[in-house]
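Here is the structure we will look at, set down as structure tokens.
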Amino acid sequence: MDHLVKTITFEKAHAEVSKFDNGTEVREYHVMLHVDDATLTYSEQLEAILNAYNSLLEGELKGARSVFKRYFLSDSANQADDIIVNDVTDCAKSIIEQAPLDGTKIALWVYLQTNVQTGVGKSGLYEVRHGDFRHLWNGSAHNMAANSEYQTRLLFNEYSMQLLEEGCTLKDNCIRTWFFVNDVDLNYGGVVRARNQFFFTQGLTVNTHFIASTGIGGRQADPNVLSQMDNYAIAGIEQEQIHYLYAPSHLNRTSDYGVSFERGTRVDYQDRRQVFISGTASINNKGEIMYPKDIRKQTHRMWENVETLLAEAECTYEDVGYMVVYLRDTSDYQVVHQLYEERFHGKPYVIVHAPVCRSGWLVEMECMAVRKVDNPQLKAY
């Protein structure tokens with residue numbers, strides 16, 4: 001069996017763990033860590049999360065290295081510094097205010113792999129090395145330019161220069177981005193304008209391809225940061241290994257309504273296929289919001305859209321390693337949590353407060369899947 005999902009309990013926290021093992025050197029894990037007692041102080045909750053994570057590294061996940069981490073916080077201005085001090089692991093770390101909606105102050109998603117070498121590349125990007133590939137991760141990139149458009153433009157400028165130092169380009173090597181926008185209703189337009197303009201200068205158009213992405217509400221510790229970016233690229237990847245997902249029966253092209261990202265991207269290796277699903281909401285193939293103001297029906301349509309994208313990559317929800325669920329209205333948490341527990345109990349997921357880029361979308365989700373394949377003409381992961 002390639003996939004295994006289990007829940008592991010600790011003294012004050014628990015972890016949902018998914019494991020992908022296709023019999024090769026590189027096993028993949030996604031871990032979602034949750035605090036069990038919302039009445040604990042923030043320091044106690046952070047300690048519970050870190051103790052649980054360290055216990056996993058000493059036990060269930062022994063030998064695995066962290067590739068990427070994302071901390072979800074309820075109040076980043078008062079909480080982010082403690083993470084920087086207490087978590088010194090050598091992987092890319094994303095720290096964002098997107099409050100876990102179970103009432104706790106912190107949750108943590110970690111992506112780990114075995115038999116890889118990790119470190120900081122010459123560009124400052126974190127690299128994960130195995131075989132012929134270097135996987136380049138970055139988290140919490142930001143600057144203090146005047147508005148969200150300028151900030152995003154500078155983020156892309158800096159990232160492109162980092163990629164060039166690694167022998168890569170945005171067009172050929174970047175697989176996934178995340179944009180966390182402070183006051184998304186006000187500032188998302190500037191992010192879109194900057195991305196559209198920058199992509200055009202890089203030859204990324206509706207006739208070529210864009211990049212899988214999530215653009216969602218989220219706040220950095222400094223309120224002057226209006227746009228924070230996380231990203232992932234692969235050095236050594238060939239273009240025939242990358243395929244884009246469209247699900248035209250359910251979804252339209254994002255360029256139809258003036259934005260520039262792919263609905264999903266699959267990356268094929270000799271031994272596995274990885275699938276990156278962008279932030280996906282309740283939408284139809286005309287770009288219209290489906291089931292306005294109905295959180296239950298929007299959740300079911302969102303699931304259907306994601307399922308259709310996964311199917312285009314010959315995957316199912318069984319292949320999904322983690323899910324992040326974004327809610328605009330915190331009062332919808334109980335309903336959405338019940339729905340997820342009924343369908344995905346035990347699978348690593350977190351539900352956080354993060355308004356979607358269109359006010360009519362009440363819920364959005366993203367995920368990553370991996371499945372075993374046999375492509376002898378390609379290089380192994």
Side-chain angles (χ1 to χ4, degrees), residues 1-74 82-83 86-91 93-95 98-116 118 128 317-325 333 336-352 365-371:
M1 187 174 181
D2 301 331
H3 290 269
L4 178 66
V5 176
K6 65 191 303 185
T7 299
I8 303 173
T9 58
F10 302 94
E11 184 180 355
K12 298 177 182 178
H14 68 276
E16 299 149 349
V17 180
S18 69
K19 173 185 177 182
F20 171 76
D21 184 355
N22 64 350
T24 63
E25 284 187 347
V26 182
R27 297 187 300 277
E28 301 186 36
Y29 298 89
H30 288 280
V31 177
M32 201 69 73
L33 286 147
H34 307 269
V35 176
D36 290 331
D37 184 356
T39 68
L40 297 174
T41 66
Y42 170 67
S43 294
E44 291 169 335
Q45 292 192 32
L46 175 59
E47 182 180 28
I49 287 284
L50 293 178
N51 285 345
Y53 177 63
N54 289 330
S55 295
L56 284 171
L57 291 182
E58 294 168 2
E60 187 80 20
L61 273 60
K62 191 174 182 64
R65 288 179 175 267
S66 53
V67 170
F68 182 76
K69 292 181 177 180
R70 179 168 296 134
Y71 285 92
F72 305 93
L73 302 179
S74 62
D82 289 342
I83 292 171
N86 287 283
D87 184 344
V88 293
T89 51
D90 64 339
C91 77
K93 284 191 288 290
S94 173
I95 303 172
Q98 290 180 330
L101 288 178
D102 60 0
T104 61
K105 297 178 181 294
I106 182 172
L108 172 62
W109 161 46
V110 191
Y111 180 30
L112 306 98
Q113 297 176 348
T114 59
N115 293 297
V116 295
T118 61
V128 180
Y317 277 116
E318 292 296 314
D319 302 305
V320 168
Y322 85 96
M323 296 178 287
V324 178
V325 186
Y333 170 71
V336 175
H337 179 252
Q338 181 183 11
L339 291 172
Y340 268 82
E341 280 297 289
E342 289 171 355
R343 183 167 185 181
F344 300 114
H345 176 73
K347 190 175 284 290
Y349 77 88
V350 65
I351 303 175
V352 298
M365 70 171 283
E366 66 174 63
C367 63
M368 178 181 170
V370 59
R371 58 161 292 203

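All figures in this text were calculated on a predicted structure; none of them were measured in a lab.
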*Ignoring hydrogens and geometry, is there a side-chain-to-backbone donor-acceptor pair from D21 to R27 under 3.5 Å?*
no
*asked:* How close do A107 and P100 get, counting heavy atoms only, and between which atoms?
replied: N-CG, 3.7 Å
Show me, pair by pair, the donor-acceptor contacts under 3.5 angstrom made by side chains of residues 49-59, not counting sequence neighbours?
| from | atom 1 | to | atom 2 | distance (Å) |
| --- | --- | --- | --- | --- |
| N51 | ND2 | E47 | O | 3.3 |
| N54 | ND2 | L50 | O | 3.2 |
| S55 | OG | N51 | O | 2.9 |

*Going from CG on D102 to NE2 on H337, what distance comes out if it is rounded to the nearest 0.5 angstrom?*
7.5 Å
*Quick one: does S94's side chain have a donor or acceptor within less than 3.5 Å of a partner on R70's backbone?*
no
*asked:* A side-chain contact here means heavy atoms from C-beta on lying under 4.5 Å apart; do L40 and V35 qualify?
replied: yes
*Just how far is it from atom CD1 of I106 to atom CG of L46, taken to the nearest 0.5 Å?*
4.5 Å
*Counting heavy atoms not belonging to E11, are there more than 12 under 6.0 Å from its CD?*
no
*Has the side chain of D87 got a donor or acceptor atom that lies under 3.5 Å from a matching backbone atom of T89?*
yes
*In terms of side-chain heavy atoms, does E366 have a donor or acceptor partner in Y322 at a distance below 3.5 Å?*
yes
*Shortest non-hydrogen contact between A15 and L33, atoms and distance*: CB-CD2, 3.6 Å
*For the residue pair V26 and Q113, establish whether any side-chain heavy-atom pair is separated by less than 4.5 Å.*
yes
*Closest approach of Q45 to A38 (non-hydrogen atoms, all atoms of both residues)*: NE2-O, 3.5 Å
*Side-chain donor/acceptor of H3 to backbone N/O of V370, under 3.5 Å*: yes
*In terms of side-chain geometry, is the basic nitrogen of E16 or K6 positioned less than 4.0 Å from the acidic oxygen of its partner?*
no
*Without swapping roles, check the side chain of E341 against the backbone of Q338 for a donor-acceptor pair under 3.5 Å.*
no
*Are side-chain heavy atoms of D82 and Y42 found at a separation under 4.5 Å?*
yes
*Anything under 30° is parallel, anything over 60° is perpendicular, the rest tilted; go ahead and classify H30 against Y111.*
parallel
*Kindly indicate whether the side chain of H14, heavy atoms from C-beta on, has any atom under 4.5 Å from the side chain of I8.*
no
*Would you sort out whether V324 and M365 count as a side chain to side chain contact (heavy atoms under 4.5 Å, CB included), showing the intermediate values?*
CA-CA 6 Å; V324 178; M365 70 171 283; over 6 Å; no
*Do the rings of Y340 and Y349 sit parallel, tilted or perpendicular, given the 30° and 60° boundaries?*
tilted
*When rounded to the nearest 0.5 angstrom, what distance separates OH in Y71 from CG in L108?*
5.0 Å
*Residues L61, L112; criterion side chain to side chain contact (heavy atoms under 4.5 Å, CB included); working and verdict*: CA-CA 9 Å; L61 273 60; L112 306 98; 3.6 Å; yes
*Can you find a heavy atom in the side chain of C91 that is under 4.5 Å from one in the side chain of V67?*
no
*Rounded to the nearest 0.5 Å, how far does NZ of K105 lie from OG1 of T39?*
10.0 Å
*With a 4.5 Å limit on heavy-atom distance, are the side chains of T7 and V17 in contact?*
no
_Please report whether the ring centroid of W109 lies less than 6.0 Å from that of F72._
no
*Could you give the distance from NE2 (H34) to CD1 (I351), rounded to the nearest 0.5 Å?*
9.0 Å
*SB check D2 R371 (cutoff 4.0 Å)*: no
*Taking all non-hydrogen atoms of both residues into account, name the closest pair between A13 and A48 and its distance.*
CB-O, 3.9 Å
*Not counting sequence neighbours, which residues clear side chain to side chain donor-acceptor pair (under 3.5 Å) with S74? List them please.*
Q79
*In Å and rounded to the nearest 0.5 Å, what is the NZ to OH distance from K347 to Y317?*
10.0 Å
